[in-house]
Protein chains: 2
Amino acid sequence: MSKGREIFRRVTANDVARLAGTSQSAVSRVFTPGASVSAETREKVMAAAGQLGYRPNAIARSLITRRSRIVAVAMAYLNNQFYPDVLEALSDRLQAHGYQILLFTADRHAAADPVLEQVMRYQVDAIVLASTSLSSAFARECRQAGVPVVMFNRTTDDPGLLSVTGDNERGGHTIARFLLAGGHRRPAFIAGLEASSTNRDRERGFTRGLAEAGLATPLRAVGHYSFEGAAEATRQLLRRANRPDAIFCANDHMAIACMDVARHEFGLSVPEDLSVIGFDDVGPARWAGYDLTSYSQPLLPMVEATVTLLMECMEDPSRPMRGVVLEGQLVVRGSARRPAGWAG
Amino acid sequence: MSKGREIFRRVTANDVARLAGTSQSAVSRVFTPGASVSAETREKVMAAAGQLGYRPNAIARSLITRRSRIVAVAMAYLNNQFYPDVLEALSDRLQAHGYQILLFTADRHAAADPVLEQVMRYQVDAIVLASTSLSSAFARECRQAGVPVVMFNRTTDDPGLLSVTGDNERGGHTIARFLLAGGHRRPAFIAGLEASSTNRDRERGFTRGLAEAGLATPLRAVGHYSFEGAAEATRQLLRRANRPDAIFCANDHMAIACMDVARHEFGLSVPEDLSVIGFDDVGPARWAGYDLTSYSQPLLPMVEATVTLLMECMEDPSRPMRGVVLEGQLVVRGSARRPAGWAG
DNA sequence: CTGAAAGCGCTTACAG
DNA sequence: CTGAAAGCGCTTACAG
């Protein structure tokens, strides 16, 4: 401990009690909502606390209450605007409930992570796993330690885990129908991470929609949810002799890369020569330079559902787990040819 | 406390000690890097810990060491890609030093904030104030409580506070010279938040650069660092009879809105009819659809400097404060007319 | 309503 | 190297 630290001795409840002429318990009660204190005591304590600049120590409080009021959030891919938006909304809602976020930026590919082990040591009350490849095994371990885990934008086969997602399969299916109604005959798909449930569900719905109209499994390339990956995937698809007339990208972030490559490297017009559709409906999809048709993820309802699940589960950990699926909708803009009478 | 919670009794160092046949102190030492334990003891303890799934309680540790190894980060404007990028880099670097981030999404306009008061209760070891209007008074209060504060991407007149910024004034000045060299005669400026130091410094440099060439103070509109605000500011500027031939936007996020409005609402070609320049050099500036000329902020060095300052300051709080200014550079792309022989 | 006291799960002198 | 013990700053029965 360096010399400099000593000069800042923290103000404790004891210091306040001494100045206010009460017991330390009384000070604690004044700062505990719902505890019984007389108006007189409260006043004396508040005056003393104000004078000393007292701030209750949440760490000490957590130790004894065994609730830290901290939620760990694991995220990656923050350059996909969907995630910062989620983070901001989640933080706002959690703060409104009196919870703080301990942020954990996960390695994008690791199944386990030493830092998350570290985070667990802070006795977090719950965990939100968003956009990570962290194994379900880890999530299950947390559950066993009594810590609720919500998989955000990701499902799992494990029935013991909570999850909140958009209706990915229906989204993919809707996009297939939209493209077919628009007269496209050679649709292609750019996949995100193959192991992710979002990619699997979106692709499944898309392929099923095409199959229902008698089309074969679409052309396909993998973009790994990254900008550069999607650009390269687009090049692969557009270099083909019989190139696709539409590309559905597993998210907007990749769809933007796809449009850039189509227009600026291949000189194609969107949507005249090529229709492009994304998924998420993030901010940049609305930018006039892209005007991207996209299937929306209902971000605010998803965040709200996540917070609700967490609160319920912290209240009663024995409550049965469930997955929540929230409906999005196709947001039709200018990046894909519009069918004449499209009605959803 | 609900019934369900009880079934998950936490495993403590005492449980491990009992199983391992050692004292609780020994268990603690095994998990304290640098503490002296025999190989034999270490082995017994590790075996028992593994068997029980023991994880040291960081909350209890923090209480006694008086160091939480948590850094509070206050942010807003996460839809400006600069900030998620900062957050991700900051989190990575801090995690590498064994620190975690307690995220605090600030109200964009409040000078003080009840939630930040809450965050302070967690005995954070340091605070990074990025992109907020939180008052310097608050920052000073934290300093007095012995908690180092770094203003990120923001300066202050207060000599008692640390800050890390890009060279905003030089950036604005460079942009002015670049536009002048490109033959522009009616440059305009779209301001961010007028109260922010970044806006003030960028604008000052820009205005000075124009003045040195004999130009008057440029036309000006305020975009408040928001997309819609910048769109409206652009409309104001372009509706004028004698419209500008170049617009410098105080950040890239606004420059993108500006380009969208210029092209899609006013039918202008960029850069033929109008040059647009931004600041930050965020990801979307590189997207082919915008190809935005921008003055870069050296994000990684800024984050690295922030972490270094924090570490130094936590090591020795009496160390004199200093501001760090890191050089960026003009990244010339296609959104602004290029001077024939531009050499920086 | 109020205070004294126990205890949350650790770290760290201290003595051996 | 090791253990017993004090103590970090709180909350919360318990008794008054």
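Worth knowing before you read on, the calculation uses all heavy atoms, side chains too, and leaves out hydrogens, waters and symmetry mates. Chain identifiers are assigned alphabetically (A, B, ...) following the order of the sequence lines, protein sequences preceding nucleic acid strands; residue numbering begins at 1 within each chain.
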Could you give the [atom1]-to-[atom2] distance, from [X] to [N], as a whole number of Å?
| X | N | atom1 | atom2 | value |
| --- | --- | --- | --- | --- |
| B:L52 | C:dG9 | CG | C1' | 15 Å |
| A:R55 | D:dC10 | CZ | P | 12 Å |
| B:I59 | D:dT11 | CD1 | C1' | 15 Å |
| B:Y122 | D:dC10 | OH | P | 14 Å |
| B:E40 | D:dG3 | CD | P | 11 Å |
| B:N14 | D:dG3 | CG | P | 12 Å |
| B:R18 | C:dG9 | CZ | P | 11 Å |
| B:L63 | C:dC8 | CG | P | 13 Å |

Distance below 4.0 Å between A:S25 side-chain N/O and C:dA5 OP1 or OP2:
no
Any A:Y54 side-chain nitrogen or oxygen under 4.0 Å from OP1 or OP2 of D:dC10
yes
Could you go through the side chain to side chain contact (heavy atoms under 4.5 Å, CB included) check for A:Q118 and B:R69 one step at a time?
CA-CA 11 Å; A:Q118 216 52 44; B:R69 300 192 77 85; over 6 Å; no
What is the nucleic acid contact for [X], judged by heavy atoms within less than 4.0 Å: base, sugar-phosphate only, or nothing?
| X | answer |
| --- | --- |
| B:T12 | sugar-phosphate |
| B:F31 | nothing |
| B:S38 | sugar-phosphate |
| A:S62 | nothing |

Would you indicate which nucleotide in [options] comes nearest to any side-chain atom of [X]?
| X | options | result |
| --- | --- | --- |
| B:T65 | D:dG3, C:dC8, C:dT11 | C:dT11 |
| B:N57 | C:dC1, C:dG9, D:dT12 | C:dG9 |
| B:V37 | D:dC8, C:dT11, D:dT2 | D:dT2 |
| A:I64 | C:dT12, C:dG7, C:dT2 | C:dG7 |
| B:R61 | D:dG9, C:dT12, C:dC10 | C:dC10 |

Return whichever of B:A26 or B:A60 has its heavy-atom-nearest nucleotide of DNA chain D closer to the 5' end.
B:A26
Donor-acceptor pair under 3.5 Å: do we get one between B:R29's side chain and the base of D:dG3?
yes
Please confirm whether any donor atom in the side chain of A:R66 sits under 3.5 Å from an acceptor in the base of C:dG9, or the reverse.
no
For residues B:T198 and B:N153, is any side-chain donor paired with an opposing acceptor at under 3.5 Å?
no
Under 3.5 Å, is there a donor-acceptor pair linking the side chains of B:Q24 and B:S28?
no
Using the rule given for side chain to side chain contact (heavy atoms under 4.5 Å, CB included), can you reason through A:V45 versus A:F31, listing the C-alpha separation, both sets of side-chain angles and the distance that settles it, and then say yes or no?
CA-CA 9 Å; A:V45 167; A:F31 286 93; 4.3 Å; yes
When you measure from the side chain of B:D15 to the backbone N and O of B:T12, does any donor-acceptor pair fall under 3.5 Å?
yes
If only atom types and distance count, is the side chain of B:S68 paired as donor or acceptor with the main-chain N or O of B:Q123 below 3.5 Å?
yes
Taking atom P in both D:dT2 and D:dA6, compute the distance separating them and give it to the nearest angstrom.
22 Å
Reported [atom1]-to-[atom2] distance for the pair [X] and [Y], which is rounded to 0.5 angstrom:
| X | Y | atom1 | atom2 | value |
| --- | --- | --- | --- | --- |
| A:L193 | A:Y225 | CG | OH | 6.5 Å |
| B:I70 | B:I127 | CD1 | CD1 | 12.0 Å |
| B:L52 | B:R18 | CG | CZ | 9.5 Å |

Let's test your reading of the pairing rules: Watson-Crick or G-U wobble, both distances under 3.5 Å, then write DNA chain D as a dot-bracket string with ( ), [ ], | and dots.
|||.||||||||.|||
Please figure out whether A:S36 or A:Q24 has its closest DNA chain C nucleotide nearer the 5' end.
A:S36
